[in-house]
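Quick notes on the structure that follows.
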Amino acid sequence: MLPCGVLLRTAFVRNWSAPLGLASLSIEHWRFVFFEFSQTRLAFQNTFVLGVAAATAGTLLVTIVGFLSVRQLVRGHRYLAFLATAPVAIPGIVLAVGLFLSYTHPPLILYGTLSIIFLAYLTKELPVGYQQIAASLKSVHPELEDAGRIFGANRLRALLDITAPLVRNGVIATWMFIFIGSIRELSATILLFTARTKTISVAMFDLRESNDWGPIAVLSVSMLVITFVMIVLINRFTQRKME
């Protein structure tokens, strides 16, 4: 908790290295970040757009892949599971280099757009989402779906009426985990961003170049608040599932 305390202190004092006292307290850094710093609005906008898009697409993708592999519905289901977890072995910076080299020339040029960062986030967070979904699906015995099919439901109807309600909280938790991982990602973003596609993490990195620790602390505290809220929501849903 010491780093969090230091961040709070730095965000509310004029000089982060000066002794803490009432005279040194100030909201100057907050005013600068949210009212004067030109990158803040765009950075927050890009971060949330990428986070929501990656979380939504990633959750949908891992749910489909997880269902096919866990229920062993297709040939090569083990390879599906392997491919879904393989990105965990790829460093973010290496993934960014690969995407940069792949999408900076025809026929598909994505560099300079949010799409290439979206692909990086989606790929990087795929293993986390898959493991969460796979665990939820494994907790639902296949015989429940078989029972529904015995009573006349097709596989899709059994999935929607039986499996989906039972794994709903797991799906929501997966969405939140991917969202959190996406909004704090830097290693891949740092090679793929442009002036119009900066995120909060990149804005913090830029401020580091000029040693603006106060504004960095403000953005850090903002990210912490967002992350803590998401964690509280995750705990709420997982606890409800256990009940």
Side-chain angles (χ1 to χ4, degrees), residues 48-92 94-96 98-99 114-185 187-188 227 229-243:
F48 277 98
V49 168
L50 288 168
V52 171
T56 303
T59 300
L60 180 62
L61 179 60
V62 297
T63 300
I64 295 173
V65 172
F67 185 74
L68 293 176
S69 60
V70 172
R71 292 294 187 261
Q72 303 180 7
L73 298 179
V74 295
R75 287 186 178 182
H77 58 87
R78 293 177 180 173
Y79 297 105
L80 275 179
F82 171 77
L83 290 175
T85 55
V88 75
I90 305 176
V94 175
L95 174 64
L99 290 172
L114 290 176
S115 298
I116 193 169
I117 303 178
F118 164 77
L119 289 177
Y121 290 0
L122 183 63
T123 305
K124 198 169 186 299
E125 299 301 323
L126 198 63
V128 175
Y130 175 79
Q131 292 297 333
Q132 178 68 33
I133 284 293
S136 298
L137 288 171
K138 288 176 182 178
S139 67
V140 179
H141 203 284
E143 289 182 358
L144 293 174
E145 298 170 10
D146 295 338
R149 297 181 66 187
I150 290 174
F151 284 99
N154 56 32
R155 186 176 294 278
L156 179 60
R157 178 55 58 186
L159 173 63
L160 294 177
D161 292 346
I162 299 174
T163 307
L166 294 175
V167 301
R168 179 185 58 190
N169 292 338
V171 171
I172 295 173
T174 299
W175 190 96
M176 292 180 179
F177 276 122
I178 296 177
F179 178 81
I180 291 174
S182 297
I183 65 173
R184 63 190 179 93
E185 169 60 31
S187 59
T227 304
V229 169
M230 298 302 293
I231 290 175
V232 169
L233 292 175
I234 291 173
N235 289 333
R236 177 184 177 185
F237 281 111
T238 54
Q239 289 174 3
R240 181 180 300 178
K241 182 177 179 179
M242 293 176 63
E243 294 173 358

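Counting begins at 1 with the first residue of the sequence.
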(request) Could you pull out the closest heavy-atom pair between Leu99 and Leu119, with the gap in Å? (result) CD1-C, 4.3 Å

(message) Please enumerate all residues that pass side-chain hydrogen bond (donor to acceptor under 3.5 Å, both in side chains) together with Thr56, with sequence neighbours excluded.
(response) Trp175

(message) I'd like to check the side-chain contact (heavy atoms from CB on, under 4.5 Å) partners of Phe82; sequence neighbours left out, ordered by chain and number.
(response) Ala86

(message) So, taking the atom named OG1 in Thr227 and the one named CZ in Arg184, what distance separates them when rounded to the nearest 0.5 Å?
(response) 7.5 Å

(request) Output the distance between atom CD1 (Ile183) and atom CD1 (Ile178), rounded to the nearest 0.5 Å. (result) 13.0 Å

(request) Mind checking the CD1-CD1 spacing from Ile64 to Ile133? Nearest 0.5 Å is all I need. (result) 11.0 Å

(request) Without swapping roles, check the side chain of Thr123 against the backbone of Ala120 for a donor-acceptor pair under 3.5 Å. (result) no

(request) Grab the two heavy atoms, one from Ala84 and one from Pro87, that are nearest each other, plus how far apart they are. (result) O-CD, 3.8 Å

(message) Once rounded to the nearest 0.5 Å, what's the spacing between atom CZ of Phe179 and atom CG of Leu50?
(response) 10.0 Å

(request) For Leu126, enumerate each residue passing the side-chain contact (heavy atoms from CB on, under 4.5 Å) test, keeping only those at least two apart in sequence or located in another chain. (result) Leu61, Val62

(message) How long is the straight-line distance from OG1 of Thr174 back to CD of Gln132, given to the nearest 0.5 Å?
(response) 4.5 Å

(request) Would you tell me whether Ser69 and Tyr130 have side-chain atoms, one donor and one acceptor, within less than 3.5 Å of each other? (result) yes

(message) If the condition is side-chain hydrogen bond (donor to acceptor under 3.5 Å, both in side chains), which residues does Glu185 pass it with, not counting sequence neighbours?
(response) Lys124, Ser187

(request) Of all the heavy-atom pairs spanning Ser182 and Gly51, show the shortest one and how long it is. (result) CB-CA, 4.0 Å

(message) Using every non-hydrogen atom in the two residues, find where Thr59 and Val171 come nearest and quote the distance to one decimal.
(response) CG2-CG1, 3.5 Å

(request) Please report the closest heavy-atom contact between Val140 and Arg71, naming both atoms and the distance. (result) O-NH2, 2.9 Å

(request) Starting at OG of Ser139, measure out to CG of Leu166 and round the result to the nearest 0.5 Å. (result) 7.5 Å

(message) Ala53: which residues meet the side-chain contact (heavy atoms from CB on, under 4.5 Å) condition with it, sequence neighbours left out?
(response) Phe118

(request) Would you list the pairs meeting side chain to side chain donor-acceptor pair (under 3.5 Å) in which at least one residue belongs to residues 74-87, sequence neighbours left out? (result) none

